[in-house]
Amino acid sequence: MAVSPVLMITAALAVLLVVYTYVIRPVFLSPLSKIPNAHWSAPISPVWILWVRFKSRNNRTIHAAHERLGPIIRLGPSEISINCVDEGIKTVYTGGFEKHEWYPRVFGSFGTVSMFTMTDSKSHSSRKRMLSNIYSKSVLQSSAQMRVISHTIIVDRLLPILREAAVSQSPIDMHDLDQGLTMDFVSAYLFGLKNGTNFLQNNSYRQTMLHLYQSRKPFEFYHQEVPDLVSWARYLRIPLIPKWCDDANTVLDAWGLGLCDKAEDDVASSELGVEPVVYKQLKQAILKKQAPEKETDLGAREKERLEIACEMYDHLTAGHETSAVALTYLFWELSKDADLQKELRKELLTLEPAIIFPRSSSTASPQLPSAKSIDGLPILEAIITETLRLHAPIPGIQPRVTPYPSCQLAGYSDIPPNTRVNAQAWSLHRNPDVFPSPETWQPKRWMDTTDPVKLEEMKRWFWAFGSGGRMCVGSNLALQEMKLAVASIYTNFTTTIVSDDHMEEIDAYTVKPRGEKLVLQFNWAAN
Ligand code: HEM
Ligand SMILES: *[C@@H]1O[C@H](CO)[C@@H](O)[C@H](O)[C@H]1NC(C)=O
Ligand SMILES: *[C@@H]1O[C@H](CO)[C@@H](O)[C@H](O)[C@H]1NC(C)=O
Ligand SMILES: *[C@@H]1O[C@H](CO)[C@@H](O)[C@H](O)[C@H]1NC(C)=O
Ligand SMILES: CC(=O)N[C@H]1CO[C@H](CO)[C@@H](O)[C@@H]1O
């Protein structure tokens, strides 16, 4: 059979076009081709970086590539990574590059998106305007609700547990307790103290819920990086993600929705300990924007209920896991340094009143000093900052997309639009020029005021809460609760390590120690 010359020419052209599009252009002609490749195959295929992520080697591989190749590297045909401030995180994150689809894929819930997962800047800023005020430092520091929440959680729940541990000389898994502490804090601010969680005092419930929450982690990769594969597998009934994972989601969604519905009953309250501060704020802000005829529309009401639930669920998860991990690493580092514990305690005793906790439960419990005075303690501040540097709870990539028509990053111009670009705190925080001996935990590096320029540079590279318009909205809440917890503990107790096997971070979006525990012994501090 003779093949027509027209067909042959067409076929040849088609092959050429494919070769041009998938090989010649990405390897030689695209402006991205000048950027050093983290792997030889990066310009033509994303398979290498997908494999790296599937094997949970994202952080170390990208980190090693930056060490080898400099502040900008190419990870795939349309993905790069940056590791610098100027023409790096400053351009991308402070410059408002939009979030990548990665976020709604992984962290969407209730069929909708939250402030954290919205990609489009307009809807995002509208949502952020509704919520940022109640998370501002000044509001949190002067909030009467926060004062009641703090007193209940620290004085009535946490300290008695630690006193019991010191009296009976029983070791405590602090990582487990930290997650209860932070969940109680954030849920109380979201939903009101009465209707928030009481994880600290309910071990079995806490452990069941946290186990469900954590169990899904190994399967994050699929939604994050290969969403089409997930859809296909579902369609073909291949169990890529096990059924118990879906079941865990169902239980957790119902739990989150239940907390919201309880808060709804108290939405009119401004009673201390009852008012659901964040829930109420969001509900009122959403109602204000809504057309009045929608108020009686059942479909619209249900949509609004789920939208609020999605936002609240996000704050619950973003709020408890990160702060708990930070506290765990802080207690770990501080438990290795008895001298620093002593110095810290001296500083804490300058608080008025100091958080002195009685040895016996029959003595009146302490009043807490103001959040503002705790915030002003330099050693405490340095300990927290250094922990967030060395053990950033979100150390990995925060993907964004480059804007139209092009941008310049790390000296490379004409970077095309819609290129995925990431930075990772893990690497930014390990620049030896900015943080000498980056692998050692040295709180005092933040207290060296002899060189203000150097200190300023450290602050520019500090990225535990991200930066720009999508920076963490809960950073002030996190810092306030962490500082209070650490201050309350080290005023009267010392800690030593009983067991710290596998404290290395897992490779994930929000990390945790691989061993998932940190066992400490609490003792009364000597005068
Ligand atoms: C030590 C504790 C915390 C750390 C290290 C942390 C870290 C971060 C980081 C790095 C981001 C940016 C993520 C990205 O763009 O991929 C972020 C965003 C966010 N965080 Fe936190 N966070 C902490 C505590 C909290 C708390 C307590 C809340 C509770 C309200 C919270 C709520 C959020 C929300 C809602 C966003 C999305 C903000 C936006 O897109 O505008 N975080 N956090
Ligand atoms: C722990 O929480 C569960 C679920 O809310 C509840 O049913 C149980 O009674 C609680 N246990 C204690 C000891 O408070
Ligand atoms: C707690 O610390 C304060 C200040 O050092 C001390 O006066 C008090 O006796 C301590 N309480 C106990 C039970 O050791
Ligand atoms: C990052 O990689 C290093 C090895 O380079 C490893 O020790 C560490 O646990 C990893 N951290 C995370 C968050 O994956
Ligand atoms: C489940 C629960 O604790 N619900 C409480 C929510 O707050 C209201 C108002 O204080 C209480 O009456 C409920 O018992």
Side-chain angles (χ1 to χ4, degrees), residues 53 56-64 66-67 71 81-85 88-90 92-94 102-103 106-107 116 175 178-179 182 217 220 224 317-334 380-400 422-443 445-446 457-468 470-479 481-483 486 502-514 516 518:
R53 288 177 179 148
S56 300
R57 302 183 64 82
N58 185 68
N59 132 70
R60 69 192 60 198
T61 306
I62 293 178
H63 186 64
H66 276 300
E67 283 190 328
S81 170
I82 48 159
N83 189 37
C84 54
V85 175
I89 54 172
K90 218 168 141 191
V92 174
Y93 296 87
T94 322
W102 194 86
Y103 289 89
V106 196
F107 300 106
F116 174 60
H175 184 53
D178 288 340
Q179 294 171 81
T182 53
K217 235 181 199 157
E220 256 174 21
Q224 262 168 10
T317 55
H320 93 276
E321 212 183 351
T322 45
S323 329
V325 166
L327 281 174
T328 295
Y329 282 107
L330 188 152
F331 294 138
W332 183 48
E333 297 287 3
L334 204 49
L380 180 58
E381 165 93 15
I383 287 174
I384 300 251
T385 312
E386 179 66 349
T387 303
L388 290 170
R389 179 193 72 82
L390 188 61
H391 303 287
I394 301 182
I397 54 175
Q398 299 179 22
R400 302 291 187 265
N422 327 306
Q424 53 178 28
W426 182 276
S427 301
L428 290 162
H429 289 177
R430 280 168 177 72
N431 180 344
D433 300 333
V434 181
F435 305 105
S437 313
E439 289 295 345
T440 52
W441 186 75
Q442 281 174 29
R445 70 169 87 235
W446 297 95
E457 194 60 6
M458 282 161 58
K459 288 182 184 159
R460 267 159 43 88
W461 284 74
F462 179 78
W463 209 52
F465 294 111
S467 53
R470 305 300 298 247
M471 188 181 151
C472 181
V473 79
S475 60
N476 296 303
L477 177 65
L479 292 170
E481 72 179 71
M482 282 160 53
K483 285 179 175 176
V486 175
H502 296 293
M503 284 300 289
E504 71 276 8
E505 285 99 342
I506 65 159
D507 186 306
Y509 181 76
T510 307
V511 296
K512 60 181 173 185
R514 185 171 305 283
E516 291 195 61
L518 169 66

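Here, residue 1 is the first one in the sequence, and each next residue gets the next number.
- In terms of heavy-atom proximity, Met471 sits nearest to Phe465 at CG-O, 3.1 Å.
- Annotation for Arg514 and Ile506: closest pair CA-CG2, 3.7 Å, computed over non-hydrogen atoms.
- The backbone N or O of Gln179 lies less than 3.5 Å from no partner atom in the side chain of His320, so there is not a single donor-acceptor pair.
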### Task
Show the numbers, then the answer: is there a side-chain contact (heavy atoms from CB on, under 4.5 Å) between Ile397 and Trp102?
CA-CA 11 Å; Ile397 54 175; Trp102 194 86; 4.3 Å; yes

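- Put simply, the side chain of Asn422 never gets that close to the backbone of Gln398: no donor and acceptor are under 3.5 Å apart.
- A salt bridge is defined here as a Lys NZ or Arg NE, NH1 or NH2 lying under 4.0 Å from an Asp or Glu carboxylate O, and Lys217 with Glu321 meets this definition.
- In terms of heavy-atom proximity, Ala382 sits nearest to Pro443 at CB-O, 3.4 Å.
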### Task
Decide side chain to side chain donor-acceptor pair (under 3.5 Å) for Ser427 and His63; before the verdict, give the C-alpha distance in whole Å, the side-chain angles of both, and the deciding distance to 0.1 Å.
CA-CA 6 Å; Ser427 301; His63 186 64; 2.8 Å; yes

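- Atom OG of residue Ser323 and atom CG of residue Leu477 lie 7.0 Å apart, to the nearest 0.5 angstrom.
- Note that CE of Met482 is 4.0 Å distant from CD1 of Ile384, once rounded to the nearest 0.5 Å.
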### Task
Go through Lys483 and Glu381 one step at a time and tell me if the salt bridge (Lys or Arg N to Asp or Glu O under 4.0 Å) criterion holds.
CA-CA 8 Å; Lys483 285 179 175 176; Glu381 165 93 15; 2.6 Å; yes

### Message
Under the criterion side chain to side chain donor-acceptor pair (under 3.5 Å), I'd like the reasoning laid out for Tyr103 against Arg470: C-alpha separation, chi angles, the key distance, then a yes or no.
### Response
CA-CA 12 Å; Tyr103 289 89; Arg470 305 300 298 247; over 6 Å; no

### Message
Using salt bridge (Lys or Arg N to Asp or Glu O under 4.0 Å), reason through Arg430 and Glu439 one step at a time and then give a plain yes or no.
### Response
CA-CA 7 Å; Arg430 280 168 177 72; Glu439 289 295 345; 2.9 Å; yes

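- The pair Arg445-Glu386 meets the salt-bridge criterion, since a charged nitrogen lies less than 4.0 angstrom from a carboxylate oxygen.
- Looking at Cys84 and Asn431, their side chains never come closer than 4.5 Å, going by heavy atoms from C-beta outward.
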### Derivation of the side-chain contact (heavy atoms from CB on, under 4.5 Å) call for Val325 and His175
CA-CA 7 Å; Val325 166; His175 184 53; 4.3 Å; yes

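- Ring pair Trp441/Tyr329: centre-to-centre distance not below 6.0 Å.
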### Test side chain to side chain donor-acceptor pair (under 3.5 Å) applied to His391 and Glu505, step by step
CA-CA 8 Å; His391 303 287; Glu505 285 99 342; 3.0 Å; yes

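- For the pair Phe462 and Leu388, the minimum side-chain heavy-atom distance is below 4.5 Å.
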### Task
Could you walk me through whether Ile89 and Thr94 pass the side-chain contact (heavy atoms from CB on, under 4.5 Å) test, one step at a time?
CA-CA 7 Å; Ile89 54 172; Thr94 322; over 6 Å; no

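- By the 30° and 60° cut-offs, the orientation of the rings of Tyr93 relative to Trp463 is perpendicular.
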### Message
Using the rule given for side-chain contact (heavy atoms from CB on, under 4.5 Å), can you reason through Lys90 versus Arg460, listing the C-alpha separation, both sets of side-chain angles and the distance that settles it, and then say yes or no?
### Response
CA-CA 9 Å; Lys90 218 168 141 191; Arg460 267 159 43 88; 4.3 Å; yes

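- Contact annotation: the side chain of Ser81 approaches that of His66 to within less than 4.5 Å [non-hydrogen atoms, C-beta and beyond].
- Asp178 pairs with exactly one of Leu518, Thr328, Leu330 by the side-chain contact (heavy atoms from CB on, under 4.5 Å) rule, that one being Thr328.
- Screening Asn59, Asn58, Asn83, Asp507 for a side chain to side chain donor-acceptor pair (under 3.5 Å) involving Trp426 leaves a single residue, Asn59.
- Between Arg389 and Trp446 there is a side-chain heavy-atom pair separated by less than 4.5 Å.
- Residues Thr387 and Leu334 have side chains not in contact (no heavy-atom distance under 4.5 Å, counting atoms from C-beta outward).
- Here the closest non-hydrogen pair linking Thr440 and Leu390 is C-CD2, 4.1 Å.
- Contact record, Pro438 with His429: CB-O, 4.4 Å, taken as the closest heavy-atom pair.
- Note: Ile82 CD1 to Ile62 CD1 = 11.5 Å, rounded to the nearest 0.5 Å.
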